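The structure appears below as structure tokens.
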Amino acid sequence: MNDAPETPTARDYRGTVILPKTDFPMRGDLPKREPDWLARWERMELWNRLRTASAGKPKFVLHDGPPYANGPLHIGTALNKILKDVINRAAQMAGHDADYVPGWDCHGLPIEWKVEEEYRAKKKNKDEVPVLEFRAECRAYAQHWLGVQRDEFKRLGVAGDWQGRYATMDFPSEAVIAGEIGKFLMNGSLYRGLRPVMWSPVEKTALAEAEIEYHDHVSPTLWARFSIVKAGAPDLVGASVVIWTTTPWTIPGNRAVAYGEEIDYALLHVEGVNEGSLLRVGEFLLVALPLLPQFEKDTGLGAHSIKRVLKGAELAGAVATHPLKGMPEAEGGYDFAVPLLPGDFVTTEAGTGFVHIAPGHGEDDFLLGRAHGLPIPETVGDDGTYTRHAHGFEGLHVWKAHDAVYAAMQALGTLAGKGKLTHSYPHSWRSKKPVIFRATPQWFIRMDGEPASGGTDDTNTIRRKALDAIAATHFVPDIGRNRIGSMVQNRPDWCISRQRAWGVPIAVFVDKRTGEPLRDQAVMDRIVAAFTAEGADAWYQPGAAARFLGEGRDPADYEQVMDIVDVWFESGSTHAFVLTPERGLPWPADLYLEGSDQHRGWFQSSLLESVGTRGVAPFKAILTHGFVLDEQGRKMSKSLGNVVAPQEVVSKSGADILRLWVMNTDVTEDQRIGKNILEQQGELYRRIRNTLRWLLGNLDGFDGSEIVPHAELPELERWVLHRLTELDAKLRKAQRDHDWTGVYPEIHAFCASDLSAFYFDIRKDSLYCDAKDSLRRRSARTVIDQLHRCLTTWLAPVLVFTAEEAWLARFPESESVHLQDWPVLPETWRDEALGAKWATLREARGIATAELEVARRNGMIGSSLQARVALTGNAFAPLSAEAWEEVLIASQVALHGGAEVEVAVEPAPGAKCDRCWRVLPEVGQSAAHPTLCRRCEAVVEGQGG
């Protein structure tokens, strides 16, 4: 029989530790959960609830630049809409009524192009389809994609008045657009004129600058002789002016040669030529002196002598012959004089210092020709083929004309050289084909000058007023001011007509007797009323002219204009039918937000349209974002296989990940996206989610009775509240200024560095092991309560789904985080001196933790709780030894004075507490709880144990 006493079983204290408790899951499972949140918001009519709750608050209006209703969303459109949504939600939570009306651009060439593609697939001739039938098919196409895109935007978490969305093809929208054109008509700004415009031979229409993109293009080049037949100096007669051009097809349209009055020109005598050169020994040529070395290389000029150098001004009054004069097939079509004219646009940057002038094929050419009364022949038709006015070349397409022009000139002895040049050239953004400059009758809005005849005021001084408006606008980034300013300063009159069918017609009648547009407000009122009820189709109905002209006017006396208005004019007019009292939206908008390419697109068309009709801009501020590139900084293209589709990101990772990516980049620069970057965003998301989960877990059972007044909080807690005021100030400044660069990365850094790696680490011991009612634990929970409220509402504009989940996990009765405002933080929380003190203390802490890590790596200790740390130096003096034990998460700390900083680490003497794991000499001194420290013994006893 064994009479030895039994060894007492070691007690398990795990049940006495207050561990975090929450139902908020660690995994977001966003692709599965996000649609459920969307359905919930739909059921509770969250948007309408927000509008009701916001009644009386100051309005914030971000006017939506309309995306094109043509195909599924791409990543750039997703970035744009997410950024808008974040800004709207932030304004709402900052105390505004942020009513947002999303819209769509539904007219124009891209949709016509798609419908025509369907026709071509069915071998259907578009020209045989009645215009109203064609317009109906375009409307149906746009309506389909509008619905698809609306659902995709919703899936991204974008909130807005989806029921009250606007579209440029809505009947009331078409009516307002027609009415806005009417305002330019009535004030005299609108006129029809012959001007060179960028013309797409493929699409057979004029194009706006915003519909142009630049690609490398190989152009044939040509050097041509213009033989001088009249000049002030006898030695110039018989010499040839040499021009260089990258558009040989424009030679049939040539009517003059331009020179620079201050340029030095060399009259040279050709004495030798290289093999293959088209120059002739014995001839005299005129070339700009600075360009002569390059001319020698390009044309094979050999030995030569310069007879004299003359200023361009000496060429005043000189006349030459056309290089196609005498072409047999032309039948005398080029037997006219070609004057030499001064041009301030002539430079010595390239070519020969002379510019051949085809007034129908360039802006400078046109203006110089108009100033000198030159004829403007229509040598090229709508489809890019020569007309009968291009004598000898009729029917030939301009892109195939260079060989014929070369041959004709070589036969006439006027071809001085030919070659090829790869350069950046304008292309249609839709067809991807090169465009031409072509003078055609178009409708323009005058940028400068007095009103046209019949105008009522000087509203058409648009350029000056637009530049004034730009100066008064807040730009983010500010460089946008210079970009749009230089474009407006240098732009020509605004060509608003397009020779297409799907759009709002330029509803104007022209008097056939005078050629003047009819300016009659009663006629315009009838048109607007009909468009409001029936849409712009009313213009194409039989009898429309008689209906709108009214009694007393014979439709036979008037031309009914059938051009449609440029879609940029349409989208530029959207402010007129969205920012209205009927919608409860003030004018002008607080903010316009689009990609940086819209300085020449929507920003500019909106500015010009508004300035031309109202005298001021329709916006107070403009924010521009960059383009989306792949991870290597390349443009996305199907051929490279680097396209990131937002739909795929959402289905794989969730919309919150995409939204986090948007706000973690500097949106004013180009952004990059790809598999690795999205994985990085996923990791950032997990850290934020874990922070929210930790907060929720440590708030289990928290109620107001625990709150500790600010003055009684420990210094560490007051420092955390001070940091909240700093972040709050940055967030509110970003909301006011619309500049969000770095804000959400800083919130993430706060979660990762200030909280998880510092404050949470320090306070885990107190939260888990202190008595429930201890001041230190209640203080920590007081601060954690504020951290949860602040972080969840601050993150709500970006992580719309996750923030809702984190909010309702704690406040299920409040219905939605999106019905909350950002917390207003007491001014007393801000303490700059405390912030500076703890910044210094954290530096000192870094020195000590580095030594603790060395000791851990060397095997001296397993964790910091097994250490005794001796801190020497004044840097450690601001805190007591007990406070440093908390901050270093060390069991024992000794403080010593001194100027030099020293940190010594050794194993802590004593035994390890089974409950808090601190190593202390006092462990083992209690008979009731021999494995606990005194703090833990008191807590356990207080729990009844």
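Here the structure is a predicted model, which is why all the values come from computation and not from measurement.
Looking only at distances, no side-chain donor or acceptor of Glu137 sits under 3.5 Å from a matching main-chain atom of Leu132. Between the side chain of Glu594 and the main chain of Gly65, a donor-acceptor pair closer than 3.5 Å is present. A donor-acceptor contact shorter than 3.5 Å links the side chain of Arg526 to the backbone of Phe548. No donor-acceptor pair closer than 3.5 Å links the side chain of Ser606 to the backbone N or O of Phe603. Looking at His74, its side chain does come within 3.5 Å of a backbone N or O of Gly76 through a donor-acceptor pair. Judged by distance alone, with hydrogens and angles left aside, the side-chain atoms of His818 form no donor-acceptor pair with the main-chain N or O of Glu804 at under 3.5 Å. Of the possible polar contacts, one joining the Arg135 side chain to the Gly503 backbone as a donor-acceptor pair under 3.5 Å is found. Looking at Trp807, its side chain never comes within 3.5 Å of a backbone N or O of Ser814 through a donor-acceptor pair. In terms of modelled atom types and a separation under 3.5 Å, the side chain of Asp656 and the main chain of Val800 share a donor-acceptor contact. Using a distance-only test at 3.5 Å, with no hydrogens or angles considered, a donor-acceptor pair links the side chain of Arg583 to the main chain of Gly164.
Aromatic ring centroids of Tyr166 and His63 lie under 6.0 Å apart. Taking the ring centroids of His625 and Trp740, they lie at or beyond the 6.0 Å cut-off. When ring centroids are compared, Trp104 and Tyr68 stay outside the 6.0 Å threshold. The six-membered or imidazole ring of Trp41 lies near that of Phe801, with a centre-to-centre distance under 6.0 Å.
Each of His96, Met93, Arg89, Lys730 was compared with Gln735 under the side chain to side chain contact (heavy atoms under 4.5 Å, CB included) criterion, and only His96 meets it.
With sequence neighbours left out, Trp47 forms a side chain to side chain donor-acceptor pair (under 3.5 Å) with no residue at all.
In this structure the side chain of Pro505 reaches within 4.5 angstrom of the side chain of Trp539, judged on heavy atoms.
Ring geometry for Trp494 versus Phe569: interplanar angle of 30 to 60°, hence tilted.
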side-chain contact (heavy atoms from CB on, under 4.5 Å) for Phe509 and Glu559? Distances and angles first, verdict last. CA-CA 6 Å; Phe509 293 97; Glu559 172 199 349; over 6 Å; no
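In this structure, Arg446 forms a cation-pi arrangement with Tyr191, its terminal cationic atom sitting closer than 6.0 Å to the ring centre and no more than 45° off the ring axis.
Salt-bridge annotation for Lys81 and Asp64: present, with a side-chain N of the basic residue lying under 4.0 Å from a carboxylate O of the acidic one. Looking at Arg139 and Glu133, no side-chain N of the basic residue comes within less than 4.0 Å of a carboxylate O on the acidic one, giving no salt bridge. The pair Arg519-Asp511 fails the salt-bridge criterion, with no side-chain N (NZ, NE, NH1 or NH2) lying under 4.0 Å from an Asp/Glu carboxylate O.
Here the straight-line distance linking atom CG of Asn70 with atom NE2 of His144 works out to 10.5 Å at 0.5 Å rounding.
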Considering only distance and modelled atom types, tabulate donor-acceptor pairs under 3.5 Å from the side chains of residues 478-487, sequence neighbours left out.
| residue | atom | partner | partner atom | Å |
| --- | --- | --- | --- | --- |
| Asp478 | OD1 | Arg481 | NE | 3.3 |
| Asp478 | OD1 | Arg481 | NH2 | 2.8 |
| Arg481 | NH1 | Ile470 | O | 2.9 |
| Arg481 | NH1 | Ala471 | O | 3.4 |
| Arg481 | NH1 | Thr473 | O | 2.8 |
| Arg481 | NH2 | Thr473 | O | 3.2 |
| Ser486 | OG | Asn482 | O | 3.2 |
| Ser486 | OG | Arg483 | O | 3.0 |

